[in-house]
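Structure record follows, encoded as structure tokens.
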Amino acid sequence: MTRLTDKFEELNGQYTDPRTRRYITPKRIIKTWGDVQNAETLLNEKPPQVIMGSRDICTLTNVSGQPHAAILLDFGVEIAGSLRIFAHLTRVNGEKGYTHLLIRLGESVGEVLTPVGQHGATSDHATREMIMTTPSMSANETPETGFRFAYIELLEDAGITSIHKAPGVLKYRDLEYKGSFESNDALLNRIWNVSAYTAHLNMQEYIWDGIKRDRLVWIGDLHPEALTILATFGDCDVIEKSLDF
């Protein structure tokens with residue numbers, strides 16, 4: 001069997017990404033600002049491909065002197081990964097051109113509404129605030145971080161950006177849950193499930209101490225994490241790989 005890397009020696013990198021990418025559709029729109037049309041279409045499941053002539057799109061429009069169009073999305077659960085914007089059409093001053101979107105990602109509504117540099121907000125270790133250039137008929141992705149909420153604002157004072165789809169990109173190891181816990185205490189059951197899910201999100205290329213900060217392999221943190229992973233998923237190669245690292 002001949003594979004791509006057999007045909008092109010230049011593509012033979014030493015490492016591969018063990019993670020799965022899964023598109024997560026926003027679960028609700030918390031708020032919009034300015035002129036935002038058809039925001040609810042971002043809650044629909046759609047193919048991850050921009051479509052010529054599509055009308056199933058959300059449009060952000062800015063007019064000079066008016067508040068910028070913006071939207072606040074909730075994905076319903078914390079994820080480790082990125083946000084991908086499928087831009088349909090973009091216009092500046094009525095002409096075809098690139099627009100720019102201010103994007104903030106965070107674990108709470110308060111965080112995504114707080115600019116970096118205010119109230120201690122930072123992008124340390126993982127970029128949570130960025131400006132994305134969006135051409136027409138394009139797909140653009142943010143850096144990776146941990147987030148549940150996404151704030152998207154059109155920056156051009158006289159611009160239009162229509163968005164086909166704005167999914168979160170969950171990046172995770174697709175593993176079978178071999179362990180489980182269930183009692184007659186609903187809160188205790190939830191604590192176990194949140195703990196297992198948190199450990200699962202931290203299993204990226206290596207076992208991290210956190211998906212947002214520090215995103216590093218710490219030997220002290222590995223002890224409780226490894227116990228959780230063994231109880232939940234059984235023996236996983238990422239444990240030995242992280243210890244070796």
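This is a predicted model, so every value here is computed, not measured.
- For Met130 against Thr127, the heavy-atom pair with the smallest separation is CE-O, 3.6 Å.
- Hydrophobic clustering, with ILVMFWY side chains joined whenever heavy atoms are under 4.5 angstrom apart, groups Leu170 together with Leu105.
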| Full working for side-chain hydrogen bond (donor to acceptor under 3.5 Å, both in side chains) between Asn12 and Glu10 | CA-CA 6 Å; Asn12 275 290; Glu10 298 86 348; over 6 Å; no
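- Hydrophobic clustering, with ILVMFWY side chains joined whenever heavy atoms are under 4.5 angstrom apart, groups Ile211 together with Tyr172.
- In this structure, OG1 on Thr90 lies 12.0 Å from CD on Glu95, to the nearest 0.5 angstrom.
- Leu72 and Ile29 sit in two unconnected hydrophobic clusters of ILVMFWY residues. Membership requires side-chain heavy atoms under 4.5 Å apart, directly or through other members.
- Across all non-hydrogen atoms, the minimal contact from Leu83 to Gly168 is CD1-N, 4.3 Å.
- The shortest distance between side-chain heavy atoms of Trp33 and Lys31 falls below 4.5 Å.
- Under the 4.5 Å side-chain criterion, counting only non-hydrogen atoms from C-beta, Met137 is in contact with Met52.
- Applying the salt bridge (charged side-chain N to carboxylate O under 4.0 Å, His left out) criterion to Arg84, with sequence neighbours excluded, gives Glu141.
- Other residues, nucleotides and ligands contribute at most 12 non-hydrogen atoms within 6.0 Å of the CZ atom of Arg22.
- Glu182 CD: 12 or fewer foreign heavy atoms inside a 6.0 Å radius.
- Side-chain contact between Glu156 and Arg91 is absent, with no heavy-atom pair separated by less than 4.5 Å.
- Residues Ala166 and Phe75 approach most closely at O-CZ, 3.6 Å, considering heavy atoms.
- Under 3.5 Å, the side chains of Glu129 and Ser123 contain no donor-acceptor pair of N or O atoms.
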Side chains of residues 144-154: which donor-acceptor pairs under 3.5 Å do they make with residues two or more places apart or in other chains?
from, atom 1, to, atom 2, distance (Å)
Glu144, OE1, Arg19, NH1, 3.2
Glu144, OE1, Arg215, NH2, 3.4
Glu144, OE2, Arg19, NH2, 3.2
Glu144, OE2, Lys171, NZ, 3.1
Arg148, NE, Asp74, OD1, 2.8
Arg148, NH2, Asp74, OD2, 3.1
Tyr151, OH, Glu153, OE1, 2.7
Glu153, OE2, His68, ND1, 2.9

| field | Worked verdict on Lys212 versus Glu111 for salt bridge (Lys or Arg N to Asp or Glu O under 4.0 Å) | value | CA-CA 13 Å; Lys212 188 174 174 185; Glu111 184 179 7; 2.4 Å; yes
| So Ile131 and Leu155, side-chain contact (heavy atoms from CB on, under 4.5 Å) or not? Walk me through it. | CA-CA 9 Å; Ile131 295 177; Leu155 294 180; 3.9 Å; yes
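- A donor-acceptor pair shorter than 3.5 Å can be found between the side chains of Thr99 and Thr134.
- Within 6.0 Å of the OH atom in Tyr98, the count of heavy atoms belonging to other residues, nucleotides or ligands does not exceed 12.
- How far OH of Tyr197 is from OG1 of Thr232: 14.0 Å, rounded to the nearest 0.5 Å.
- When all heavy atoms are compared, the tightest approach of Ser162 to Thr59 is CB-OG1, 3.7 Å.
- In this structure the side chain of Ile51 never reaches within 4.5 angstrom of the side chain of Ile57, judged on heavy atoms.
- When all heavy atoms of Ala199 and Ile229 are compared, the closest pair comes out as CB-CG1, 4.4 Å.
- Atoms CG and CG, from Asp214 and Leu216 in turn, are 5.0 Å apart once rounded to the nearest 0.5 Å.
- Asn62 places a side-chain N or O within 3.5 Å of a backbone atom of Ala69 that can act as its donor or acceptor partner.
- Of all heavy-atom pairs between Asp35 and Gln37, the closest is OD1-NE2, 2.7 Å.
- Linking ILVMFWY side-chain heavy atoms closer than 4.5 Å, directly or via other members, places Val109 and Ile24 in two distinct hydrophobic clusters.
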What donor-acceptor contacts under 3.5 angstrom involve side-chain atoms of residues 235-242, with partners at least two apart or in another chain?
from, atom 1, to, atom 2, distance (Å)
Lys241, NZ, Glu205, O, 3.2
Ser242, OG, Ile207, N, 3.0
Ser242, OG, Val238, O, 2.8

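- In this structure, the side chains of Tyr177 and His200 come closer than 4.5 Å at one or more pairs of heavy atoms.
- Taken to the nearest 0.5 Å, the CG atom of Leu42 stands 5.0 Å off from the CD1 atom of Ile71.
- Under the side-chain contact (heavy atoms from CB on, under 4.5 Å) test applied with Val36, the options Thr61, Ile163, Leu60 reduce to a single match, Leu60.
- Put simply, the side chain of Thr25 reaches to within 4.5 Å of the side chain of Lys165, judged on heavy atoms.
- Here side chain to side chain donor-acceptor pair (under 3.5 Å) pairs that include residues 184-196, with residues two or more places apart or in two chains, are Ser183-Asn189.
- Listed by first and then second residue, the side chain to side chain donor-acceptor pair (under 3.5 Å) pairs that reach into residues 221-231 are Asn202-Glu225, sequence neighbours excluded.
- Within the 4.5 Å cutoff, the side chain of Glu9 has no heavy atoms near those of the Leu11 side chain.
- Taking OG of Ser54 as the reference point, atom CD of Gln49 lies at 11.5 Å (rounded to 0.5 Å).
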| said: Before you tell me yes or no, could you show the steps for Leu222 and Asp209 under side-chain contact (heavy atoms from CB on, under 4.5 Å), namely the whole-Å CA-CA distance, both residues' side-chain angles and the distance that decides it to 0.1 Å? | reply: CA-CA 8 Å; Leu222 272 176; Asp209 63 321; over 6 Å; no
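- Looking at residues two or more places apart in sequence or on another chain, you find a salt bridge (charged side-chain N to carboxylate O under 4.0 Å, His left out) between Asp56 and Lys46.
- Cluster membership for Leu243 and Val217, using ILVMFWY side-chain heavy atoms within less than 4.5 angstrom, is shared.
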| message | Evaluate Met203 against Phe233 for side-chain contact (heavy atoms from CB on, under 4.5 Å), listing each step before the verdict. | response | CA-CA 11 Å; Met203 298 166 68; Phe233 304 103; 3.9 Å; yes
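- To the nearest 0.5 angstrom, His164 atom NE2 is 9.5 Å from Thr41 atom OG1.
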